[in-house]
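Order of appearance sets the numbers: ligands from 1, and atoms from 1 within every ligand.
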Amino acid sequence: MTDVPHTPLLDTVDVPADLRKLKPEQLRSFADELRAEMISAVGTTGGHLGSGLGVVELTVAIHYVFDTPRDKLVWDVGHQCYPHKIITGRRDRIRTLRQGGGLSGFTKRSESEYDPFGAAHSSTSISAALGFAIASKLKDEPGRAIAVIGDGSMSAGMAYEAMNNAQQAGNRLIVILNDNDMSIAPPVGGLSAYLARLVSSRPFLELREIARRFARKLPEPLHKAARRTDEFARGMAMGGTLFEELGFYYVGPIDGHNLDHLIPVLENVRDSEHGPVLIHAVTKKGKGYAPAEAAADKYHGVQKFDVITGEQAKSPPGPPAYQNVFGETLAKLAQTDKRIVAITAAMPSGTGVDKFAKLHPERTFDVGIAEQHAVTFAAGLAAQGMRPFAAIYSTFLQRAYDQVVHDVAIQNLPVRFAIDRAGLVGADGATHAGSFDITYLATLPNMVVMAAADEAELVHMTYTAAEYDDGPIAFRYPRGGGTGVSLPEVPQKLEIGKGRVVRHGKAVAILSLGTRLAEALKAADTLEARGLSTSVIDLRYAKPLDEELIRKTLASHEICVTIEEGSIGGLGAHVLTLASDEGLIDAGLKLRTMRLPDIFQDQDKPEAQYEAAGLNAPQIVDTVLKALRHNSAGVEEAGARA
Ligand SMILES: Cc1ncc(C[n+]2csc(CCOP(=O)(O)OP(=O)(O)O)c2C)c(N)n1
Ligand SMILES: CC(=O)[C@@H](O)[C@H](O)COP(=O)(O)O
Ligand SMILES: [Mg+2]
């Protein structure tokens, strides 16, 4: 049961200009109403809850003090932006979050002027905000840029690249470190420990102290002046903060839920001629909603839930999720093969590495949000004789592409890439779609690229990858549950570069890669019913291609169709190249490739996304029938067979 909360103050605010009409003493109640509205909305939509709950006060304070949208507010990742969306003209659509035709679950430029920069992949906010800041400076326009970045997102190298470059922005750039001591899982690494020390070593800065520092317009970084106070001596044994050493004025730690502190701090920073400033705000992920605060994951990502009880909607029992099939299979293999190690970039549960960690904690590495490091770390492990599995979502592996090329493929190092979220992913939309990995990996020399057609195939591919030491090997599989096929007791070692004929026919051949196989088989049934005998082949490999099987198939069928859950430049391109290189096309072969459309597809249910992409069974049938009607000149002839 979800109630719509009573929000008299929130009802008076459509955009931040309305918010700024409120008195400071009204902001606490306003924030409470905003939090209640967000809980109510996400209860009906599902989505990212914990992170947004943690920034309700920050959202109110930033929009109250800064002149948004003139001042540019850039959220890192953007999964915490629901409160921001509610008070920037989108409350009326907030219950369409992450649905087809609805609001994106992340910030998005095309959605609002209050979203100056799109996000979803982490650690981009400081770079983007710096761009806005420098542009305003060069154009001599008023306005500041504020980046709000989480402690987890601060573990990615890109954040440091930006901070290293930020001095030139002066007081035009403000970074707010939203430190809730959580990533998706508990944060890892030295930075997390450092932040914890920083927070524990000093009490929250008192208002008086903050005012004193700014009142004196410290000509030098804050910590040097503050050293004269015993508070500093007591708390900061480690010298200036990391951020001050990088040239930022560090302000903090401050209580990120205390509006009586946040407002004056932000006002001081806004009016200071010093900068760039980093405000260290300490918050709680899931703040203000008991079920979220009590949950281990702080309700990072939730299904629809009962607002009263916090109980999330249970998805109907279905086949095991691919991520868990991978994690459990690898954990079993590692029991006898001590060379196997698993690496995740801050996504232990999403990749199934948490299942591996249960049995092999000493061989599990969560490197934080650091995909580039994860890949080259794996390369080092491989070079020293280990069998590393880098388990990284397709979309997030994009961030480490040069490491894949330069550190792994060129050196032909046997790194295994377990690529989850391959293909379209549904509610996370375009930023998270795993559309490009076939294209960007199969183009690389030395690389082996497999795609599992179902969870049984995933078991075999995990084993095959474990046993393959001749160079880099990648295997991809989609988000969510499998087909329900029974899992093999004993995994098979697949022959590299060999596909399998799933169904024999004569007139039409569908060459499938990955989980489109199920749709290909449905299409074959329809075509058979129309008198078109249809072969269905699971190629299993985008590289190396099963050239013998493809050659034979193309030569013995009237129409051949390739299909993949990937963009142009993938399987279809490689088959076309083979056919063209061998003159098979010259012989009048009717060959069609089916792949994702050349657009970024917004969020929707995955099946709707594949419908829109034209990759479901009826569309396979249409492609075949259309090809049949085409004569050798490629002209559609009416009345053709079928
Ligand atoms: C490059 C990249 N890798 C992984 C992710 C997946 N991811 C989304 S949010 C998140 C944790 C972010 O932690 P933090 O920045 O502290 O934000 P919080 O959720 O705590 O508010 C991760 C790992 C991502 N969005 N981008
Ligand atoms: C915000 C973010 O990037 C992650 O939370 C992502 O949404 C997780 O995706 P899955 O739900 O597919 O694991
Ligand atoms: Mg965090």
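Heavy atoms of Met154 found under 4.0 angstrom from ligand 1: none, in either backbone or side chain. At a heavy-atom distance under 4.0 Å, only side-chain atoms of Asn180, from C-beta outward, approach ligand 1.
Here the heavy atom of the protein found nearest to atom 23 (C) of ligand 1 is Ile369 CD1, 3.5 Å. Of the protein's non-hydrogen atoms, the one nearest atom 13 (O) of ligand 1 is Ser183 CA, 3.5 Å. Atom 4 (C) of ligand 2 has His48 NE2, 3.8 Å as its closest protein atom, hydrogens excluded (heavy atom only). Protein heavy atom at the shortest distance from atom 15 (O) of ligand 1 is Ser153 OG, 2.6 Å.
Residue-ligand proximity: Gly54 is placed with every non-hydrogen atom at 4.0 Å or more from ligand 1. Taking 4.0 Å as the cut-off, Val425 does not count as a neighbour of ligand 2 on heavy-atom distance. The closest approach between a heavy atom of His121 and any atom of ligand 2 is not below 4.0 Å. The closest approach between a heavy atom of Gln80 and any atom of ligand 1 is not below 4.0 Å.
Ring centroid separation for the pair Phe305 and Tyr289 comes in under the 6.0 Å cut-off. Annotation: His84 is not in aromatic contact with Tyr114 [ring centroid separation under 6.0 Å not met].
Between Arg595 and Glu564 no salt bridge is recorded (no basic side-chain N to carboxylate O distance below 4.0 Å). The pair Lys284-Asp181 does not meet the salt-bridge criterion, since no charged nitrogen lies less than 4.0 angstrom from a carboxylate oxygen. Between Lys358 and Asp354, none of the side-chain N atoms (NZ, or NE/NH1/NH2) sits under 4.0 Å from a carboxylate O, so this pair counts as no salt bridge.
Close N/O approach between His432 and ligand 1 is not found [any backbone or side-chain N/O within under 3.5 Å]. Taking only nitrogen or oxygen atoms, main chain and side chain alike, Ala120 reaches within less than 3.5 Å of ligand 1. Of the polar atoms of Met182, at least one N or O is found under 3.5 Å from an N or O of ligand 1, judged by distance alone. Residue contacts with ligand 1: His121 is placed with no nitrogen or oxygen under 3.5 Å of a nitrogen or oxygen of the ligand (distance criterion only). Considering backbone and side-chain atoms alike, Gly152 places an N or O below 3.5 Å from some N or O of ligand 1.
The contact set between ligand 1 and Arg399, taken as ligand atoms under 4.0 Å from a residue heavy atom, comprises 1 (C). Near Arg421, the atoms of ligand 2 lying under 4.0 angstrom from a non-hydrogen atom of the residue are 10 (P), 12 (O), 13 (O). Close approach of ligand 1 to Ser122 is summarised as follows: ligand atoms under 4.0 Å from at least one heavy atom of the residue are 1 (C), 2 (C), 24 (C), 25 (N), 26 (N). Using a 4.0 Å cut-off to heavy atoms of Arg479, the atoms of ligand 2 that qualify are 10 (P), 11 (O), 12 (O). Ligand-side atoms of ligand 1 in range of Gly150: 14 (P), 15 (O), 16 (O), range being under 4.0 angstrom from any heavy atom. Heavy-atom proximity to Asp151, at under 4.0 Å, picks out these atoms of ligand 1: 16 (O). Heavy-atom contacts of Phe396 reach the following atoms of ligand 2: 3 (O) (cutoff under 4.0 Å). Applying the 4.0 Å criterion to heavy atoms of Met347 picks out, from ligand 1, the atoms 6 (C), 23 (C). Near Ile184, meaning under 4.0 Å from one of its heavy atoms, ligand 1 places the atoms 7 (N), 10 (C), 11 (C), 22 (C), 23 (C). Using a 4.0 Å cut-off to heavy atoms of Asp428, the atoms of ligand 2 that qualify are 6 (C), 7 (O), 8 (C), 9 (O).
Nearest residue to atom 3 (O) of ligand 2 from His79, Met347, His432 is His432 (criterion: closest heavy atom).
For residue Ser51, no N/O/S atom approaches the Mg ion (ligand 3) to within less than 2.8 Å. Among the atoms of Asn180, an N, O or S atom falls under 2.8 Å of the Mg ion (ligand 3). The Mg ion (ligand 3) has an N, O or S atom of Asp151 under 2.8 Å away, backbone or side chain.
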- Task: Report the C-alpha separation of Glu111 and Lys85 in whole Å, then their side-chain angles, then the decisive distance to 0.1 Å, and conclude whether the salt bridge (charged side-chain N to carboxylate O under 4.0 Å, His left out) test is met.
- Result: CA-CA 10 Å; Glu111 212 174 86; Lys85 291 202 173 187; 2.5 Å; yes
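For the residue pair Asp115 and Thr107, no side-chain donor N or O sits within less than 3.5 Å of a side-chain acceptor on the partner.
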